[in-house]
Amino acid sequence: MTILSAVAAGVTYRSRNGAVEALKDVSLDLAAGEIVVALGASGCGKSTLLGLFAGFVRPTSGAVQSEGVPVTGPGPDRAVVFQDDALMPWLSAEDNVAFGLRLQGMGRAERLARARDLLAQVGLAQFAGHAIHEMSGGMRQRVGLARALAVKPRFLLMDEPLGALDELTRERMQVLLLQLWQGSGTGIFLITHSIEEALFLATDLVLMSPRPGRIVRRYRPEFARRFLAGEPIRAIKGDPQFLAMREELAGAILSEESEGLGHG
Ligand SMILES: Nc1ncnc2c1ncn2[C@@H]1O[C@H](COP(=O)(O)OP(=O)(O)O)[C@@H](O)[C@H]1O
Ligand SMILES: [Mg+2]
């Protein structure tokens, strides 16, 4: 079932230096329970597209809808996770996770219980009382994920959430994300410029062209579901089918870039 949709959406930013067409004629449905990954080069409009769904950015043309109703701003049904975790460093992990629940008016005992449960799910049970400034980047990202999940959103919108992590931590977070997603019913929209990450996580992968961003190809990788069915991660990422798709995507990105130069 489609929850969020962009319908022929375009975004042109107007600044003192003139107009920048960031997105052009983008139609994309985000279905409940899918992991939709948008892959594209830096500057192609990925954050703009996520901003449309989050309600931070208004379309200049076309429309963005949540269950058929125009999106006019942010809402608790759509939780956003950024690369820069945007946590409050002076507060404890559990207070950060409980923060959105407090805004929703939930009582202290209930919200701390939910925060601790979520911190346990992301492997931080024993760090609930620790201040954020005492934590590593990977731990902060897990707190950010727990905070986003605390409000029980229908969609998690993730803007390069793992981009600042070292390679091994990043892979652990990919695994954690799939485990949390499994059976949650929450849809995920994640943007990345890592081809490998996109292939491993996506159940629905859209490839974007360079600016103005358009959707140029769509794939339905099976690797996330294979991993959740028990296949080891190294076997998946080393599978000839995975490697072949990785090369195909790299080639598609390069050919889009050279086409863009021709128009440029
Ligand atoms: N608020 C803004 N005002 C003007 N230009 C912007 C603004 N935000 C983004 N842009 C421009 O729009 C294009 C797409 O940006 P963005 O969506 O951030 O791309 P990505 O996330 O793929 O790197 C870039 O050329 C960027 O400089
Ligand atoms: Mg971006």
Side-chain angles (χ1 to χ4, degrees), residues 1-4 28-39 46 50 53 77-81 83 85 97 114 116-125 138-163 165-207 217-249:
M1 188 178 84
T2 296
I3 303 285
L4 287 169
L28 178 63
D29 288 340
L30 305 185
E34 297 285 325
I35 303 182
V36 184
V37 176
L39 172 69
K46 300 184 297 298
L50 185 134
F53 289 126
D77 56 320
R78 289 157 282 135
V80 182
V81 179
Q83 175 179 321
D85 54 49
V97 175
R114 179 156 344 145
R116 286 181 196 138
D117 179 46
L118 278 158
L119 286 167
Q121 285 184 46
V122 300
L124 292 176
M139 290 165 79
R140 289 177 189 213
Q141 243 343 346
R142 283 187 275 163
V143 176
L145 193 54
R147 181 182 56 179
L149 291 168
V151 295
K152 298 199 170 135
R154 306 205 57 186
F155 253 93
L156 267 184
L157 306 175
M158 310 184 85
D159 193 341
E160 310 224 20
L162 312 182
L165 304 176
D166 66 83
E167 210 172 324
L168 287 177
T169 308
R170 186 169 187 155
E171 192 162 84
R172 271 187 223 115
M173 286 294 295
Q174 291 169 356
V175 166
L176 177 65
L177 193 62
L178 290 182
Q179 289 166 343
L180 289 171
W181 168 75
Q182 184 177 36
S184 69
T186 302
I188 295 178
F189 178 60
L190 182 144
I191 62 188
T192 183
H193 56 246
S194 161
I195 297 173
E196 189 197 65
E197 183 162 283
L199 267 181
F200 181 59
L201 294 178
T203 62
D204 185 357
L205 195 168
V206 296
L207 179 66
R217 298 192 198 194
R218 201 156 181 176
Y219 301 83
R220 298 273 179 180
E222 295 282 332
F223 304 110
R225 292 201 166 96
R226 277 169 52 180
F227 173 74
L228 289 172
E231 202 173 324
I233 188 167
R234 293 270 73 76
I236 290 174
K237 290 189 175 181
D239 184 322
Q241 201 191 346
F242 188 94
L243 299 174
M245 274 189 86
R246 203 175 76 182
E247 288 313 303
E248 182 183 329
L249 282 164

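Residue numbers run from 1 in the order of the sequence given.
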Could you walk me through whether Arg246 and Lys237 pass the side-chain contact (heavy atoms from CB on, under 4.5 Å) check? CA-CA 10 Å; Arg246 203 175 76 182; Lys237 290 189 175 181; over 6 Å; no
Let me confirm one number: the [atom1]-[atom2] distance from [X] to [Y], rounded to the nearest 0.5 Å.
X	Y	atom1	atom2	result
Leu118	Arg142	CG	CZ	13.5 Å
Phe189	Ile3	CZ	CD1	15.0 Å
Ile195	Glu248	CD1	CD	11.0 Å
Leu228	Gln182	CG	CD	4.5 Å
Ile236	Glu222	CD1	CD	11.0 Å
Ser194	Leu162	OG	CG	9.0 Å

With a 4.5 Å limit on heavy-atom distance, are the side chains of [X] and [Y] in contact?
X	Y	value
Trp181	Ile35	yes
Arg218	Leu28	yes
Glu196	Arg170	no
Leu199	Tyr219	no
Leu156	Ile188	yes
Met173	Glu197	no
Gln121	Asp117	yes
Met158	Leu145	yes

If you apply the rule side-chain contact (heavy atoms from CB on, under 4.5 Å), what do you find for Leu249 with Leu205, and how did you get there? CA-CA 11 Å; Leu249 282 164; Leu205 195 168; 4.1 Å; yes
Where do Leu176 and Arg172 land on the side-chain contact (heavy atoms from CB on, under 4.5 Å) test, with the steps shown first? CA-CA 6 Å; Leu176 177 65; Arg172 271 187 223 115; over 6 Å; no
Does Asp239 reach the main-chain N or O of Gln241 with its side chain, forming a donor-acceptor pair under 3.5 Å? yes
Where is the tightest heavy-atom contact between [X] and [Y], given as atom of each residue plus distance?
X	Y	result
Leu243	Gly238	CD1-O, 3.6 Å
Asp159	Leu50	N-CD1, 3.8 Å
Ala150	Val97	CB-O, 3.6 Å
Leu119	Ala146	CD2-CB, 4.3 Å
Gln174	Leu201	O-CD2, 3.7 Å
Val81	Pro161	CG1-CB, 4.3 Å

Is there a side-chain contact (heavy atoms from CB on, under 4.5 Å) between Gln141 and Thr169 once you walk through the steps? CA-CA 10 Å; Gln141 243 343 346; Thr169 308; over 6 Å; no
Phe53 vs Phe155, test: ring pair (Phe, Tyr, Trp, His ring centres under 6.0 Å). Steps then yes/no. CA-CA 10 Å; Phe53 289 126; Phe155 253 93; 7.9 Å; no
